[in-house]
Amino acid sequence: MAGKEERKRVLVVGGSGYLGQHLLAASSTVDRLDVAFTHHSPAPPQPLLETLPSVRAFRADLRSGDGFEAISASFGQPHVVVNCAAMSVPRACELDPPAAMATNVPSSLVNWLLSFGNEDSLLIQLSTDQVYEGVKSFYKEEDETMPVNMYGKSKVAAEKLIVEKCSNYAILRSSIIYGPQTISPVAKSLPIQWMDGVLSQGQQVEFFSDEFRCPVYVKDMVDVILSLTKTWFPAHASDDGKKVQVLLNVGGPDRVSRLQMAESVAVVRGYNPSIIKSVSASSVNRGVASPPDISMDITKLTQILGIKPISFQDGVRSTLDAEDST
């Protein structure tokens with residue numbers, strides 16, 4: 001590296017969402033990082049600003065690009081941009097495909113980064129396991145993408161745009177992200193907390209036994225992003241100017257169904273397992289096609305970044321311990 005290490009500017013797009021808040025909380029404790037985030041709502045969440053006073057907030061519209069110029073002017077060109085913003089409820093995407101494409105394909109963000117006219121920015125894009133068709137177990141990154149729903153299609157389109165236009169990128173195909181609640185609680189229901197809530201009532205509950213994913217603990221996902229952030233050196237600052245073009249599956253080590261997820265919660269909590277009833281996903285019409293098995297092989301993640309995500313059972317335990325202590 002040439003000269004002394006300069007501070008790195010990190011921009012989290014969609015920073016008031018679930019992953020975004022966890023990422024902001026962790027990044028604010030890392031040395032030599034200046035951190036900012038974008039939010040779409042009129043005002044950023046107050047608890048977030050109070051808890052993380054060093055983090056700067058900017059209102060921006062990912063669809064139109066409104067607000068990005070203000071970031072250039074007062075924060076500067078970010079060295080790392082993490083795009084966590086998405087329309088991520090598959091049913092909502094199915095009902096409004098144009099909105100799904102406009103939100104999930106970050107054209108305005110990419111164009112803004114290209115407008116700086118250099119290769120100093122790394123774009124870390126959150127993608128999804130739903131880019132895979134879901135007809136086998138443990139998909140590898142080089143397997144063909146064949147999404148069965150609009151959410152997956154919009155995320156494939158985003159990946160294509162980024163690979164085509166950006167010099168430096170890391171695309172993270174994420175499974176379900178679970179873990180503790182955020183500083184400013186998010187509106188969507190969190191999977192482990194929801195399961196804990198229904199199972200705690202002691203009534204029989206049905207869970208799908210034939211759809212499989214590799215849920216990833218939120219702190220592992222944050223570690224992946226921070227690892228990429230810390231190792232990124234803009235071209236003008238490094239001697240070799242190597243490009244970063246990475247595509248990684250990011251999931252936990254365990255392939256589990258919703259039924260098995262619920263069983264893990266029951267084990268940790270000591271609930272009666274007989275209240276958990278197995279049903280087939282095909283018995284319920286959710287208004288959207290859902291891939292049956294999008295479990296992922298995470299060998300590449302471990303090889304490239306040296307990160308070994310924790311087991312699902314340990315993640316559930318950590319999540320519920322955190323809930324109990326708040």
Side-chain angles (χ1 to χ4, degrees), residues 13-14 17-20 40 62-63 83-107 109-110 125-164 171-178 186-192 194-195 206-216 218 221 247-252 255-262 279-298:
V13 177
Y18 181 73
L19 174 60
H40 189 245
L62 194 59
R63 296 188 195 188
N83 183 23
C84 304
M87 188 166 159
S88 60
V89 177
R91 189 178 155 77
C93 294
E94 220 56 35
L95 292 170
D96 194 346
M101 292 299 283
T103 308
N104 292 345
V105 183
S107 313
L109 176 62
V110 167
Q125 166 77 7
L126 267 292
S127 191
T128 174
D129 53 1
Q130 298 215 29
V131 299
Y132 299 118
E133 187 180 9
V135 292
K136 63 174 199 165
S137 301
F138 297 114
Y139 279 86
K140 290 182 163 65
E141 288 86 353
E142 53 274 15
D143 285 328
E144 192 181 357
T145 56
M146 215 182 283
V148 300
N149 58 37
M150 194 60 222
Y151 173 58
K153 286 173 187 161
S154 68
K155 290 302 228 175
V156 168
E159 290 188 5
K160 286 190 169 144
L161 170 85
I162 289 162
V163 168
E164 203 176 288
I171 293 167
L172 308 179
R173 290 179 178 162
S174 169
S175 185
I176 300 171
I177 302 173
Y178 70 95
V186 290
K188 69 172 184 181
S189 80
L190 303 176
I192 306 306
W194 180 82
M195 288 178 173
E206 296 182 337
F207 293 95
F208 298 143
S209 58
D210 51 359
E211 279 189 358
F212 297 90
R213 299 177 80 176
C214 291
V216 61
V218 68
M221 178 55 90
L247 170 63
L248 289 176
N249 286 338
V250 185
R255 169 185 177 269
V256 290
S257 64
R258 293 277 175 175
L259 181 80
Q260 291 168 310
M261 289 170 73
V279 292
S280 168
S282 60
S283 67
V284 179
N285 176 15
R286 285 171 281 173
V288 58
S290 193
D293 186 344
I294 42 177
S295 54
M296 296 187 294
D297 183 319
I298 55 164

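The shown structure was predicted, so the numbers you read here are calculated from the model rather than taken from an experiment. By convention here, the first residue in the shown sequence is residue 1.
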Completion exercise
Heavy-atom nearest pair, P291 first then G134, reads CB-CA, 3.9 Å
Problem - D293 vs R255 side-chain heavy atoms within contact, under 4.5 Å - result: yes
Practice task
Taking the side chain as every heavy atom from C-beta outward, state whether Y151 and N104 have any atom pair closer than 4.5 Å.
Solution key: yes
Problem - Heavy-atom closest contact (V256 atom, P215 atom, distance) - result: CG2-CD, 3.4 Å
Problem - Closest contact, heavy atoms only, G14 versus C84 - result: O-CB, 4.0 Å
Completion exercise
Nearest heavy-atom approach of C93 to M150 is O-CG, 3.5 Å
Practice task
Indicate the atoms forming the closest heavy-atom contact of A86 with T103, along with that distance.
Solution key: C-CG2, 4.1 Å
Problem - Polar side-chain atom of D210 near backbone of S280 as donor-acceptor pair, under 3.5 Å - result: no
Problem - Distance (rounded to the nearest 0.5 Å) between F212 CZ and M261 CE - result: 12.5 Å
Exercise for the section: Apply the test side chain to side chain contact (heavy atoms under 4.5 Å, CB included) to residues F208 and V279: give CA-CA distance (whole Å), side-chain angles for both, the deciding distance (0.1 Å), then the verdict. Expected result: CA-CA 5 Å; F208 298 143; V279 292; 3.8 Å; yes
Completion exercise
Here the gap from S154 atom OG to M87 atom CE, rounded to the nearest 0.5 Å, amounts to 8.5 Å
Problem - Flag side-chain contact, heavy atom, 4.5 Å: P106 against I162 - result: yes
Exercise for the section: Test side chain to side chain contact (heavy atoms under 4.5 Å, CB included) on V163 and L247 and set out the steps. Expected result: CA-CA 10 Å; V163 168; L247 170 63; over 6 Å; no
Practice task
Please work out which of the three classes, parallel, tilted or perpendicular, describes the rings of W194 and F207, given edges at 30° and 60°.
Solution key: perpendicular
Practice task
Measure the shortest side-chain to side-chain distance between L161 and S107 over non-hydrogen atoms and say whether it is less than 4.5 angstrom.
Solution key: yes
Exercise for the section: Verify, without hydrogens or angle tests, whether S175 (side chain) and C214 (backbone) share a donor-acceptor contact under 3.5 angstrom. Expected result: yes
Completion exercise
Rounded to the nearest 0.5 Å, the OG1 atom of T128 sits from the CG atom of L172 at a distance of 11.5 Å
Problem - K136, NZ atom: more than 12 neighbouring heavy atoms under 6.0 Å - result: yes
Problem - Beyond-backbone contact of V218 with L19, side-chain heavy atoms, under 4.5 angstrom - result: yes
Exercise for the section: Please report the closest heavy-atom contact between E211 and A281, naming both atoms and the distance. Expected result: OE2-CB, 3.4 Å
Exercise for the section: Kindly indicate whether the side chain of K155, heavy atoms from C-beta on, has any atom under 4.5 Å from the side chain of T145. Expected result: no
Problem - Separation of I298 CD1 from K140 NZ (nearest 0.5 Å) - result: 12.0 Å
Practice task
State, with a plain yes or no, whether a side-chain heavy atom of L126 is found less than 4.5 Å away from one of M221.
Solution key: yes
Exercise for the section: Give a yes or no on whether the backbone of I171 and the side-chain of Q125 come within a donor-acceptor separation of less than 3.5 Å. Expected result: no
Handout entry: Y132 versus R173, side-chain donor and acceptor atoms under 3.5 Å
Key = yes
Problem - Approximate separation, where rounding is to 0.5 Å, of L248 CG and S174 OG - result: 11.5 Å
Handout entry: Donor-acceptor side-chain pairing of Q130 and N149 below 3.5 angstrom
Key = yes
Handout entry: Non-hydrogen side-chain atoms of D143 and D297 separated by less than 4.5 Å
Key = no
Fill in the blank from the handout: Applying salt bridge (charged side-chain N to carboxylate O under 4.0 Å, His left out) to E133 and not counting sequence neighbours gives none
Problem - Donor-acceptor pair, side chain of S295 and main chain of F138, under 3.5 angstrom - result: yes
Handout entry: From CA spacing to verdict: side chain to side chain contact (heavy atoms under 4.5 Å, CB included), I176, R258
Key = CA-CA 11 Å; I176 300 171; R258 293 277 175 175; 3.7 Å; yes
